[in-house]
Amino acid sequence: MTSRLPKLIAFDLDYTLWPLWIDSHVSSPLKRDGNALNVVHDKYGDKVAFYHDVPQILHRLRAGGVIVAACSRTTATALARQALSLLLVPPKAGDPESPVQPAIQFFDQLEIYPGSKIAHFKQLHKKTGIPYSEMLFFDDERRNKEVESLGVTFELVQRGLDNVSFERGLEKWRTNHPEQVLEDPAGGVMA
């Protein structure tokens, strides 16, 4: 089995990376208590936080050199960006000396605005030059499978992103693109 990753992995936000709809469950302004990790609160004290496995998945992608994108059709674009800016990602597991950083620093591309996910991916392709076949998208809404018409691999996330759904998406991408996923006998990846 190869460890080859797509060149770009994109995530929806609502009910994919965090358990809420930012445009209807959260009221501005958001605030973080000191250096609290992976949690901010809205005007009424309601919590915004990533699902448990998300921070370590973000670390893994950074270490793997993968371009990470957020693709959300929310109407609360400023609030979504504020949440990503305020959420602090805990240190990488096993490396307590790694710096705590705002989540937004883990995202290379932000396509956060109302509209079709096809439009989001066309913009990602235009900005990065990465072929659609090198893109993997995780989303909780089945209708967004439409991105497959571009050649993007789509993985439905039904209960928030976790390690199991993440690995399932990677395996689906690898199965869809075996010609791009070759591994040598020594365990190194050749492309």
Side-chain angles (χ1 to χ4, degrees), residues 6 8-62 66-90 99-128 130 135-147 150 152-162 165-166 169:
L8 185 149
I9 296 182
F11 302 100
D12 177 46
L13 297 174
D14 298 342
Y15 288 101
T16 301
L17 295 187
W18 52 49
L20 50 82
W21 284 305
I22 198 83
D23 57 2
S24 60
H25 294 159
V26 178
S27 298
S28 186
L30 299 177
K31 66 178 181 171
R32 180 181 63 235
D33 293 330
N35 289 325
L37 298 177
N38 192 30
V39 65
V40 295
H41 293 91
D42 77 352
K43 177 179 179 177
Y44 299 107
D46 291 330
K47 180 171 83 169
V48 178
F50 286 135
Y51 287 109
H52 180 266
D53 294 341
V54 169
Q56 295 309 311
I57 290 169
L58 292 174
H59 280 293
R60 178 178 173 190
L61 295 177
R62 174 180 277 174
V66 174
I67 302 294
V68 177
C71 292
S72 175
R73 66 171 79 226
T74 185
T75 57
T77 58
L79 197 56
R81 287 173 186 264
Q82 183 183 26
L84 290 172
S85 295
L86 289 174
L87 280 169
L88 293 178
V89 174
V100 171
Q101 294 180 298
I104 202 161
Q105 291 181 9
F106 286 80
F107 291 86
D108 303 290
Q109 298 290 326
L110 298 174
E111 296 297 321
I112 303 174
Y113 46 84
S116 166
K117 297 293 173 95
I118 287 179
H120 291 139
F121 278 89
K122 285 183 176 181
Q123 282 300 307
L124 286 173
H125 175 67
K126 182 178 177 181
K127 290 176 181 178
T128 67
I130 295 173
M135 297 181 184
L136 171 58
F137 181 44
F138 293 88
D139 196 313
D140 69 305
E141 292 187 65
R142 195 174 305 277
R143 67 180 169 158
N144 294 321
K145 185 180 174 105
E146 68 185 1
V147 300
L150 298 173
V152 174
T153 299
F154 175 83
E155 180 60 31
L156 183 66
V157 176
Q158 296 186 347
R159 289 174 206 77
L161 186 70
D162 60 15
S165 57
F166 183 70

Are any non-hydrogen side-chain atoms of [X] and [Y] less than 4.5 angstrom apart?
X	Y	result
V48	W18	yes
L88	P102	yes
T74	L79	no
F137	V157	no
L110	T77	no

At their closest point, which heavy atom of [X] faces which heavy atom of [Y], and how far apart are they?
X	Y	value
A103	V89	CA-CG2, 3.6 Å
K47	V39	CG-CG2, 3.2 Å
F107	A69	CD2-C, 3.8 Å
L8	L124	CD2-CD1, 4.2 Å
T128	M135	OG1-CE, 4.4 Å
L58	V68	CD2-CG1, 4.2 Å

State the [atom1]-[atom2] distance between [X] and [Y], to the nearest 0.5 angstrom.
X	Y	atom1	atom2	value
Q56	D162	CD	CG	14.0 Å
D139	K117	CG	NZ	4.0 Å
D46	S27	CG	OG	7.5 Å
L136	F154	CG	CZ	10.0 Å
D14	I22	CG	CD1	6.5 Å
L156	R143	CG	CZ	12.5 Å

Checklist entry - Under a 4.0 Å N-O cut-off, is there an ion pair linking K127 with E111? => result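 E111 and K127: salt-bridged.
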Flag, side chain of [X] to backbone of [Y], donor-acceptor distance under 3.5 Å:
X	Y	answer
H125	I130	yes
H120	A70	no
S165	L161	no
N38	A49	no
D140	T16	no
H25	W21	yes

Item to check | Passing option when R73 is tested against N144, D23, D12 for side chain to side chain contact (heavy atoms under 4.5 Å, CB included) | outcome: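 Answer after filtering N144, D23, D12: N144.
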Item to check | Plane angle bin for F106 and H59 - parallel if under 30°, tilted between 30 and 60°, otherwise perpendicular | outcome: perpendicular
Checklist entry - For N35 and V100, what are the C-alpha separation, side-chain angles and deciding distance, and is it a side chain to side chain contact (heavy atoms under 4.5 Å, CB included)? => result CA-CA 9 Å; N35 289 325; V100 171; over 6 Å; no
Next on the checklist: E146 vs S116, test: side chain to side chain donor-acceptor pair (under 3.5 Å). Steps then yes/no.
Outcome noted: CA-CA 9 Å; E146 68 185 1; S116 166; 2.7 Å; yes
